[in-house]
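Below is one structure, written out as structure tokens; comments come after it.
Note that the numbering runs from 1 along the sequence shown for the chain. Counting starts at 1 for both ligands and their atoms, in listed order.
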Amino acid sequence: MRTVAKALRRAAEGKASAQAEAAEWKLLSSGESNGECDGERTGNSADQTVLSNQTHEKSEVCCGKNGICSHEVLRDGDTNYNFGVVRNRVMRKASFKLSWRYKGENSDQQKHDIVSFEKGNITTAERSSKQISLKWETQPQTVLILTKPNSASVRILCAEMVRWLKEQKKLNIVVEPRVRVELLTDSSYYSFVQTWQDDKEILLLHMKVDLVVTLGGDGTVLWAASMFKGPVPPIVPFSLGNPQHYSDSEQYREYLDSILRGPISITLRHRLLCRVIRDEAKNEYEAEESIIVLNEVTIDRGISSFLTNLECYCDNSFVTCVQGDGLILSTTSGSTAYSLAAGGSMVHPQVPGILFTPICPHSLSFRPLILPEHVTLRVQVVPFNSRSHAWASFDGKDRKRLEPGDALVCSLAPWPVPTACQVDSTSDFLRSIHDGLHWNLRKTQSFDGPRDP
Ligand SMILES: NC(=O)c1ccc[n+]([C@@H]2O[C@H](COP(=O)([O-])OP(=O)(O)OC[C@H]3O[C@@H](n4cnc5c(N)ncnc54)[C@H](O)[C@@H]3O)[C@@H](O)[C@H]2O)c1
Ligand SMILES: Nc1ncnc2c1ncn2[C@@H]1O[C@H](COP(=O)(O)OP(=O)(O)OP(=O)(O)O)[C@@H](O)[C@H]1O
């Protein structure tokens, strides 16, 4: 009973702490933080074009009741190549507006009433065909390109794309330090490409980058999302496995052109905010740094041969005790990844919810669950009856050891990952399960044979 009471208290504290963290990020984004945004200017070394965290003087976030707006007021650098060298010219980061789009309608009509109580009758608004659309209000200026390492074809495509975006679209290009070195090894032409020197600068990327392009597979999108611990700019994933993008360079140019012009159909992919709370912590504020995942957080037995023994709570309610190889708490985007392999349902990424999927439970009746988006989940390694410790891993990375009594608290993060669609959310989801997973592929039954009279 003591464990239960303690866990319930911590679940409530966990939610408060996540909300506090969201508020902190809002402050950071609006430039009212304790000065972290206003760090010292990063020097512009001769051979390296670097980002500075000083460029973000002030940002305004404009979230009207109808739709979601983004306006960031930034201070520009003196050249196109370096952020934050001169602090006296004000530039707007490309702003955009999100609105619900209805099938057959091109207008910007927005509708937010999901439930209506007119004349005492409860009705729900028709919302099955909603597609979120992103419309640029000012032109994007800065693109971050992230690439899968060790791939010759990605490297070639990246060099070609950087050149085209710079020469034809006059955009500022930011890449990872590794990629800048690769580009400069190919040619000194690429010296205009920007990067960062210090990992702390990555924390401010969301204020400088209008668009992220990923060249790779799902793992590269996960990598891109993991770089943004708060708000995420729209991501345009170029999937290596998708011949549509790669058959010739004309096609990717056309696609990028349409993205830069807008409007773009996007999928808002929810993420999970996870915190590890050690048994000895006196309160939630002693939690370790939170981690945000796009696919899932997994608590498993690692190399131990013993069953994990995990006590699970959803808000104030006891859910169950997992005795098996472990548990996956997945987003709907992650539902087609590890959770699927463990028997979870595939869920459209726009469905708000958290998947609760056991890994090899030693029970005949443990079916996976899908819980609503607003809950806080708490998974504790049972303090007294566990034969071993457990391991938490985040999007398949960053494993953390959980001792008996340690807990993982997880809820939906306030910063989704907006990804550009090829067609629209639903077509893209269906195509990914057909092409990527060969869902329900079966030899067509032959025509000749027995029939109903
Ligand atoms: N048994 C399993 O299926 C299993 C085991 C471990 C990890 N994973 C998944 O791998 C992910 C990490 O990906 P990685 O690329 O860094 O590792 P990786 O290189 O080992 O690739 C894992 C595979 O999962 C696919 N994948 C990742 N996210 C997906 C998604 N949302 N929908 C459909 N397929 C997806 C990738 O395309 C890749 O083919 C983890 O988040 C986890 O979901 C799956
Ligand atoms: N920019 C990056 N820096 C470091 N690691 C990266 C980067 N981009 C991707 N990775 C890692 O490389 C691995 C493979 O990436 P990715 O999944 O994109 O390629 P893939 O496995 O060939 O694609 P697919 O999804 O088609 O199977 C992933 O584990 C990912 O975390």
Below 4.0 angstrom, N of the basic side chain to O of the carboxylate: do [X] and [Y] qualify?
{"X": "Asp315", "Y": "Arg378", "answer": "no"}
{"X": "Arg253", "Y": "Glu160", "answer": "yes"}
{"X": "Asp300", "Y": "Arg399", "answer": "yes"}
{"X": "Lys400", "Y": "Glu288", "answer": "yes"}

Provide the number and element of each atom of ligand 2 under 4.0 Å from a heavy atom of [X].
{"X": "Arg178", "answer": "1 (N), 2 (C)"}
{"X": "Lys397", "answer": "29 (O), 31 (O)"}
{"X": "Gly216", "answer": "18 (O)"}

* Asked: Listed by chain and number, what are the ring pair (Phe, Tyr, Trp, His ring centres under 6.0 Å) partners of Trp136, not counting sequence neighbours?
  -> Phe96

* Sequence neighbours excluded, every pair satisfying salt bridge (Lys or Arg N to Asp or Glu O under 4.0 Å) that has a member inside residues 410-423 -> none

* To do: Give the protein residues with at least one non-hydrogen atom closer than 4.0 Å to an atom of ligand 1, ordered by chain and number.
  => Asp218, Gly219, Leu222, Asn295, Glu296, Ser333, Thr336, Ala337, Tyr338, Ala341, Asp395, Gly396, Lys397

* Given that the side chain starts at C-beta and the backbone is N, CA, C, O, which of these parts of Thr147 lies under 4.0 Å from ligand 2, counting heavy atoms, or is it both or neither? -> backbone

* Asked: Among Gly396, Ala224, Gly219, Ser226, which one has a heavy atom closest to atom 28 (C) of ligand 2?
  -> Gly219

* Do the two ring centres, one from Phe429 and one from His348, sit under 6.0 Å apart? ->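 Aromatic pair counts; centres sit under 6.0 Å.
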
* Polar atom proximity, Pro149 to ligand 2 (N or O, under 3.5 Å) -> no

* Taking the non-hydrogen atoms of Leu146, is any one of them nearer than 4.0 angstrom to ligand 2? -> no

* To do: Just jot down the side chain to side chain contact (heavy atoms under 4.5 Å, CB included) partners of Arg163, sequence neighbours excluded, or say none.
  => Glu167, Tyr189, Tyr190

* Is the backbone N or O of Asn295 less than 3.5 Å from a side-chain atom of Asp395, with the two atoms forming a donor-acceptor pair by type? -> yes

